[in-house]
Number of protein chains: 2
Amino acid sequence: MTTTGTGTTVGIREVAEHSGLSVDALRWYEREGLLPRAPRGPDGRRRYPERLVGFVRLVVALRRTGMPVADVREFVALTDDGAASHGRRMALLERQRENILRQQAQLADDLAAVGHKIEHYRELIAAGLDCEGLPVPPDVAAVQCLPTLQTERTAS
Amino acid sequence: MTTTGTGTTVGIREVAEHSGLSVDALRWYEREGLLPRAPRGPDGRRRYPERLVGFVRLVVALRRTGMPVADVREFVALTDDGAASHGRRMALLERQRENILRQQAQLADDLAAVGHKIEHYRELIAAGLDCEGLPVPPDVAAVQCLPTLQTERTAS
DNA sequence: GTAGGAGCTTGAGTGCACTCCAGCGCAAGG
DNA sequence: CCTTGCGCTGGAGTGCACTCAAGCTCCTAC
């Protein structure tokens, strides 16, 4: 992090660490228009002002929630139009917000499905039954809870 | 759907429709060991018994929540060991459950980030300001809320 | 002054998870 | 008998989103 005349800026490495993107990915995002061109220092290196770092965070949130690269590109392109595109940018974000809500619902469903299955196994083990409802022989039951048996299947 | 001697079975198409996977994907899953081999009818076609359809649903939930193909394969391989692997299967599912919980937290964060940005735009528009806090000229403001301006940039 | 380290650009390569296709079989309908 | 439709297998192809590599420039520190 460096503070010079125009304000506080950070280098690409720091942005990478804070955003969860790799350095390569950050450069690739910029090339592909998923991020505006970062201003360069006198040595030609990217210096990210705070504004841009915040923007990176937003873009990461959008990508992580499944917005396709093309849509992010569109969103970024709109920032070139300044205030005139605020409405359209907001619309894009609102669409994505709907997506996220859908994902949340889906995730909750999937969590429930997995949870039920876990519960199912727990009951079977507790009751000493196999999947067909037949009793499990004691030697098998003894082995039932051992983790990671190293998938070594009767090595000679 | 067909009901014959051993119970109710469905064809691959129906399974695809109910699971959200494509027919091709279902076949690919089976080939790759993400699903147990489906029993075939007398004509050599896959007939999915109810048990298997339920299993497909579980696998879809696992994949959709980001479990890598390799882990699903492992999970499916464990089913070959019958009741003896119940504990290990449960452990895999529990690990995935933790993942899902993390994703839910992440998703909530991302939703908040997007939501805040939307709110930010809403405020700017309402106040008639641009991103720098300067007032927006009326001609720009008039255009601010038009959706999808067809990205036609001063076509001659 | 030179060795090391970070970053730059451009372009090629990679991994995952399917998707598509050719060439075939089978069964029903006309 | 022939077509239509669905499904089968094995293998090749695809799309997305990076990731990696080569060859370069800077700066810093010894």
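The structure presented is a predicted model; accordingly, all values stated were derived computationally and were not measured. Numbers restart at 1 for each chain; the letters A, B, ... are given by sequence-line order, proteins then strands.
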*Asks:* Starting from C1' on dG10(D), measure out to CD on Glu30(B) and report it in whole angstrom.
*Replies:*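 Spelled out: CD on Glu30(B) to C1' on dG10(D) is 14 Å.
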
*Asks:* Go through the steps to decide whether Thr79(A) and Arg89(A) satisfy the test side-chain contact (heavy atoms from CB on, under 4.5 Å), and finish with yes or no.
*Replies:* CA-CA 8 Å; Thr79(A) 65; Arg89(A) 283 187 253 168; 3.7 Å; yes

*Asks:* Roughly, in whole Å, what's the span from CD in Glu32(A) to P in dG15(D)?
*Replies:*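 Between P of dG15(D) and CD of Glu32(A): 16 Å.
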
*Asks:* Roughly how many Å is it from CD in Glu17(A) to C1' in dA6(C), rounded to a whole number?
*Replies:*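 Going from Glu17(A) (CD) to dA6(C) (C1'), I get 13 Å.
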
*Asks:* May I ask you to say whether Glu30(B) pairs ionically with Arg46(B), meaning some side-chain N is under 4.0 Å from a carboxylate O?
*Replies:*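 Salt bridge between Glu30(B) and Arg46(B), a charged N being under 4.0 Å from a carboxylate O: yes.
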
*Asks:* Just to be sure I understand the geometry, which residues of residues 62-73 of chain A put a non-hydrogen atom under 4.0 Å away from DNA chain C?
*Replies:*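 Contacting residues: none.
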
*Asks:* Whether Arg13(B) contacts dC6(D) is assessed here as follows: a side-chain N or O lying under 4.0 Å from the phosphate OP1 or OP2. Is that the case?
*Replies:*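 The answer is no; no side-chain N or O of Arg13(B) sits under 4.0 Å from OP1 or OP2.
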
*Asks:* Please tell me whether Thr65(B) and Gln103(B) have a donor and an acceptor in their side chains that are separated by less than 3.5 angstrom.
*Replies:*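 Thr65(B) vs Gln103(B): no donor-acceptor pair found between side chains.
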
*Asks:* Whole angstrom is fine here: how far is it from CZ in Arg47(A) over to P in dC27(D)?
*Replies:*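 About 13 Å, once rounded to whole Å.
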
*Asks:* Cut-off 3.5 Å, side chains only: do Asp109(A) and Gln106(A) have a donor facing an acceptor?
*Replies:*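 No donor-acceptor contact under 3.5 Å links the two side chains.
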
*Asks:* Provide the closest heavy-atom pair for Leu52(A) versus Pro36(A) in the form atom of the first, atom of the second, distance.
*Replies:*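 Shortest heavy-atom separation between Leu52(A) and Pro36(A) comes out as CD1-CG, 3.7 Å.
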
*Asks:* Quick one: ring-ring contact (aromatic ring centres under 6.0 Å, His included) pairs with a partner in residues 36-68 of chain A, sequence neighbours left out?
*Replies:*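 Residue pairs with at least one partner in residues 36-68 of chain A: there are none.
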
*Asks:* Verify side-chain contact (heavy atoms from CB on, under 4.5 Å) between Glu32(A) and Arg73(A), making sure each step is shown before the conclusion.
*Replies:* CA-CA 8 Å; Glu32(A) 294 294 315; Arg73(A) 212 189 320 261; 3.3 Å; yes

*Asks:* Whether Glu98(A) and Arg95(A) form a salt bridge (side-chain N of Lys/Arg under 4.0 Å from carboxylate O of Asp/Glu) is what I want to check.
*Replies:*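 No.
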
*Asks:* Looking at Glu132(A) and Arg51(B), does any basic side-chain N land under 4.0 Å from a carboxylate oxygen?
*Replies:*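 Judged by the 4.0 Å cut-off on N to carboxylate O distance, Glu132(A) and Arg51(B) do form a salt bridge.
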
*Asks:* In this structure, how many angstroms lie between the C1' atom of dC8(D) and the CZ atom of Arg40(B), rounded?
*Replies:*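 That distance rounds to 8 Å.
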
*Asks:* Go through the steps for Leu62(A) and Asp110(B) under the test side-chain contact (heavy atoms from CB on, under 4.5 Å), then give the verdict.
*Replies:* CA-CA 8 Å; Leu62(A) 294 177; Asp110(B) 290 340; over 6 Å; no

*Asks:* What is the distance, rounded to the nearest whole Å, between atom CG of Leu26(B) and atom C1' of dT19(C)?
*Replies:*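 One finds 13 Å between C1' of dT19(C) and CG of Leu26(B), rounded.
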
*Asks:* Taking the side chain of Ser22(A) as heavy atoms from C-beta outward, which of dC18(D), dT9(C), dT19(D) is closest to it?
*Replies:*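 The nucleotide sitting nearest to the side chain is dT19(D).
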
*Asks:* What is the bend of the helix from dG1(C)-dC30(D) to dG30(C)-dC1(D) when you compare the axis at one end with the axis at the other, using five pairs each and rounding to 10°?
*Replies:*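 The value is 10°.
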
*Asks:* Test Arg122(B) against Glu94(A) for salt bridge (charged side-chain N to carboxylate O under 4.0 Å, His left out), laying out the working first.
*Replies:* CA-CA 11 Å; Arg122(B) 192 190 311 287; Glu94(A) 268 163 353; 3.7 Å; yes

*Asks:* For nucleotides 11-14 of chain D, give me every protein contact, N/O to N/O, under 3.5 Å, one pair per line with atom names.
*Replies:*
| residue | atom | partner | partner atom | Å |
| --- | --- | --- | --- | --- |
| dG11(D) | N7 | Arg31(B) | NH1 | 3.0 |
| dG11(D) | O6 | Arg31(B) | NH2 | 3.2 |

*Asks:* Could you list, one pair per line, each protein nitrogen or oxygen that sits under 3.5 Å from a nitrogen or oxygen of nucleotides 21-29 of chain C, together with the distance?
*Replies:*
| residue | atom | partner | partner atom | Å |
| --- | --- | --- | --- | --- |
| dG25(C) | N2 | Arg45(B) | NH2 | 2.8 |

*Asks:* Within the 4.5 Å heavy-atom criterion, are Leu134(A) and Leu129(A) side-chain neighbours or not?
*Replies:*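 They are not in side-chain contact.
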
*Asks:* Applying ring-ring contact (aromatic ring centres under 6.0 Å, His included) as the test, list every pair that has at least one member in residues 73-100 of chain A; sequence neighbours left out.
*Replies:*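 Those involving residues 73-100 of chain A are His86(A)-Tyr121(B).
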
*Asks:* Let me see the working for Ile100(A) and Arg97(A) under side-chain contact (heavy atoms from CB on, under 4.5 Å), right down to the final yes or no.
*Replies:* CA-CA 5 Å; Ile100(A) 297 176; Arg97(A) 194 167 61 101; 5.5 Å; no

*Asks:* Please give, in whole Å, the distance from dC8(D) P to Arg37(B) CZ?
*Replies:*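 Distance, rounded to whole Å: 10 Å.
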
